[in-house]
Number of protein chains: 2
Amino acid sequence: MNIGDVAERSGLPAKTIRYYEDIGLVKPLRSANGYRSFRNRDVHKLAFLGRARALGFSIEDCRNLLKLYEDDHRTSAEVKHIAEDHLDRIDQKIAELTEMRATLAHLVNACAGDHRPDCPILADLAPKPNEISSAE
Amino acid sequence: MNIGDVAERSGLPAKTIRYYEDIGLVKPLRSANGYRSFRNRDVHKLAFLGRARALGFSIEDCRNLLKLYEDDHRTSAEVKHIAEDHLDRIDQKIAELTEMRATLAHLVNACAGDHRPDCPILADLAPKPNEISSAE
DNA sequence: ATTGACCTTCCAGTTGGTGGAACCTCTATC
DNA sequence: GATAGAGGTTCCACCAACTGGAAGGTCAAT
């Protein structure tokens with residue numbers, strides 16, 4: 001199968017598929033004309049990757065998940081470990097964003113948003129006199 | 001003031017300060033020895049940038065906020081607009097992550113995490129037979 | 001004179017692709 | 001056989017926002 005068909009089937013752009021080959025995630029064969037020739041298992045892998053990426057797993061996580069996926073002797077503990085780590089990272093990210101959101105929403109709320117220059121948002125961003133001790 | 005002192009005062013790494021000069025966010029003077037010489041307003045700006053970045057504003061947002069900050073003829077509407085756009089982007093990001101989190105938490109929960117190979121996480125990532133029509 | 005803490009520039013790498021240029025191949029049509 | 005168009009190929013550059021490191025200059029103190 002050529003890359004265009006694979007792109008359609010896996011839902012990944014052809015560029016991305018070539019990139020995944022570059023970094024060793026898939027190893028399609030080559031036809032006599034130099035075109036990549038994908039087997040069903042390649043397409044299968046790519047679909048797996050697309051789904052894992054959609055869940056936010058890093059490429060390195062994907063690489064490891066793929067390895068486990070293809071290893072009959074894996075343990076579910078190994079898989080779970082990767083997923084739990086990722087879950088923790090997501091939770092942390094959500095916490096960060098939620099805090100930003102709270103501060104920002106507060107400031108936006110306090111800002112009149114009119115023609116005058118006074119703005120609580122800028123006032124908050126501006127360093128307070130005590131934060132930066134002056135000296136040359 | 002030399003970059004080391006500025007780094008300490010602004011809370012930004014020296015590397016980052018140099019980078020901010022590179023991309024035109026600050027324009028410190030130079031001493032005879034070639035060292036960067038920061039005025040109080042440079043330090044002020046850098047602290048502003050640090051705070052804006054901590055709230056997740058992009059560098060381009062920061063550039064615009066800084067411009068408004070230094071413009072006596074700004075309107076709070078302009079500032080508010082930037083902040084609201086950013087808030088929207090944050091909300092969208094939180095929504096994405098929250099959805100990922102839900103799926104992932106569900107899968108992690110369903111996974112025994114023991115020595116056996118059966119794993120609902122991998123099962124979910126694997127393409128279902130109907131998703132990929134086979135053909136060579 | 002030398003040590004060590006600063007400072008300088010420049011180049012490369014990070015993450016996960018994306019866009020474009022220049023060029024080759026295949027199929028269909030005239 | 002020529003040609004057009006839709007595929008494919010490689011390679012290089014770029015995005016954000018830094019960060020690490022190498023090679024070297026400067027300064028203050030011993």
Side-chain angles (χ1 to χ4, degrees), chain A residues 1-38 42-43 45-46 48-66 85-86 89-90 92-93 96-97 100, chain B residues 1-38 42-43 45-46 48-66 85-86 89-90 92-93 96-97 100:
Chain A
M1 220 188 304
N2 283 350
I3 201 166
D5 300 318
V6 178
E8 203 172 332
R9 264 167 228 253
S10 66
L12 296 171
K15 277 260 169 185
T16 300
I17 297 174
R18 290 196 194 97
Y19 172 66
Y20 285 174
E21 185 190 9
D22 258 20
I23 61 174
L25 288 178
V26 277
K27 299 183 186 5
L29 305 174
R30 292 290 174 141
S31 305
N33 57 12
Y35 287 17
R36 288 170 183 80
S37 175
F38 295 83
D42 296 320
V43 183
K45 268 183 166 186
L46 286 165
F48 181 99
L49 287 168
R51 181 107 178 90
R53 291 287 301 133
L55 285 181
F57 284 103
S58 71
I59 291 287
E60 276 323 293
D61 280 348
C62 288
R63 199 187 294 279
N64 292 322
L65 288 171
L66 211 45
D85 277 5
H86 180 42
R89 264 175 273 129
I90 288 181
Q92 201 183 326
K93 193 86 195 161
E96 273 173 34
L97 286 172
M100 279 182 193
Chain B
M1 221 188 305
N2 283 352
I3 201 168
D5 300 318
V6 177
E8 204 173 331
R9 264 167 229 254
S10 67
L12 297 171
K15 276 257 168 187
T16 301
I17 297 173
R18 289 195 196 98
Y19 172 67
Y20 285 173
E21 184 189 8
D22 259 19
I23 62 175
L25 288 179
V26 276
K27 300 185 186 2
L29 305 175
R30 291 290 175 143
S31 304
N33 59 11
Y35 286 16
R36 287 170 183 81
S37 175
F38 295 84
D42 296 319
V43 183
K45 267 184 166 185
L46 287 166
F48 181 100
L49 287 168
R51 181 109 179 90
R53 292 288 300 132
L55 284 181
F57 284 104
S58 72
I59 290 287
E60 277 321 295
D61 280 348
C62 287
R63 201 187 293 280
N64 292 323
L65 288 171
L66 211 44
D85 277 4
H86 181 43
R89 264 175 273 129
I90 287 180
Q92 202 183 325
K93 194 83 194 167
E96 274 174 34
L97 287 172
M100 279 182 193

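Predicted model only: the values in this text are computed from it and were never measured. Convention: sequence-line order gives letters A, B, ...; per-chain numbering from 1.
Looking at A:Lys45 and A:Leu25, their side chains never come closer than 4.5 Å, going by heavy atoms from C-beta outward. Considering only heavy atoms from C-beta on, A:Phe38 stays 4.5 Å or farther from A:Asp5 through its side chain. Taking 4.5 Å as the limit, every side-chain heavy atom of B:Asp42 sits out of range of all side-chain heavy atoms of B:Lys27.
For B:Arg36 and C:dT9, the shortest distance from a side-chain N or O to OP1 or OP2 is below 4.0 Å. One finds a side-chain N or O of A:Arg30 lying less than 4.0 angstrom from the OP1 or OP2 phosphate oxygen of D:dT10.
Taking atom NZ of A:Lys93 as the reference point, atom P of C:dT15 lies 14 Å away to the nearest angstrom. Taking atom CD1 on A:Ile3 and atom P on D:dA6, their separation rounds to 19 Å, with Å as the unit. Summarising the geometry, the separation between CG on B:Asp5 and C1' on C:dC7 is reported as 12 Å, rounded to the nearest angstrom.
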- Determine, for nucleotides 24-30 of chain D in 5'-to-3' order, which nucleotides have protein heavy atoms under 4.0 Å from the base (write B), from only the sugar-phosphate (write S), or from neither (write -). -BBS---
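Of all heavy-atom pairs between B:Leu97 and A:Ile90, the closest is O-CG2, 3.8 Å. In terms of heavy atoms, A:Ala54 sits closest to B:Met100 at O-CE, 3.5 Å. Of all heavy-atom pairs between B:Ala7 and B:Pro13, the closest is CB-C, 4.4 Å. Heavy atoms only, all atoms of each residue included: A:Cys62 and A:Arg53 are closest at SG-CD, 3.8 Å.
Checked by atom type and distance alone, the side chain of A:His86 never pairs as donor or acceptor with a backbone atom of A:Asp61 at under 3.5 Å. Looking only at distances, a side-chain donor or acceptor of A:Asn33 sits under 3.5 Å from a matching main-chain atom of A:Tyr35.
Considering only residues two or more places apart in sequence or on other chains, B:Glu60 meets the side-chain hydrogen bond (donor to acceptor under 3.5 Å, both in side chains) condition with B:Arg63.
Residue B:Ile17 is tested with B:Val43, B:Asp22, B:Leu46 for a side chain to side chain contact (heavy atoms under 4.5 Å, CB included); the sole match is B:Leu46.
For residues 11-20 of chain B, the set of pairs meeting the side chain to side chain donor-acceptor pair (under 3.5 Å) definition, not counting sequence neighbours, is empty.
Within the nucleic acid shown, B:Ile23 has no heavy atom closer than 4.0 Å to any nucleic acid atom.
At a non-hydrogen distance threshold of 4.0 Å, B:Arg53, B:Ser58, B:Ile59 from residues 53-60 of chain B come into contact with DNA chain D. The stretch residues 12-21 of chain B touches DNA chain D through B:Pro13, B:Lys15, B:Thr16, B:Tyr19, B:Tyr20, each having a heavy atom under 4.0 angstrom from the strand.
Five base pairs at each end of the helix from C:dA1-D:dT30 to C:dC30-D:dG1 define two local axes, and these are offset by 40° (rounded to 10°).
For B:Glu96, the CD atom sits in a packed shell: over 12 heavy atoms of surrounding residues, nucleotides or ligands are nearer than 6.0 Å.
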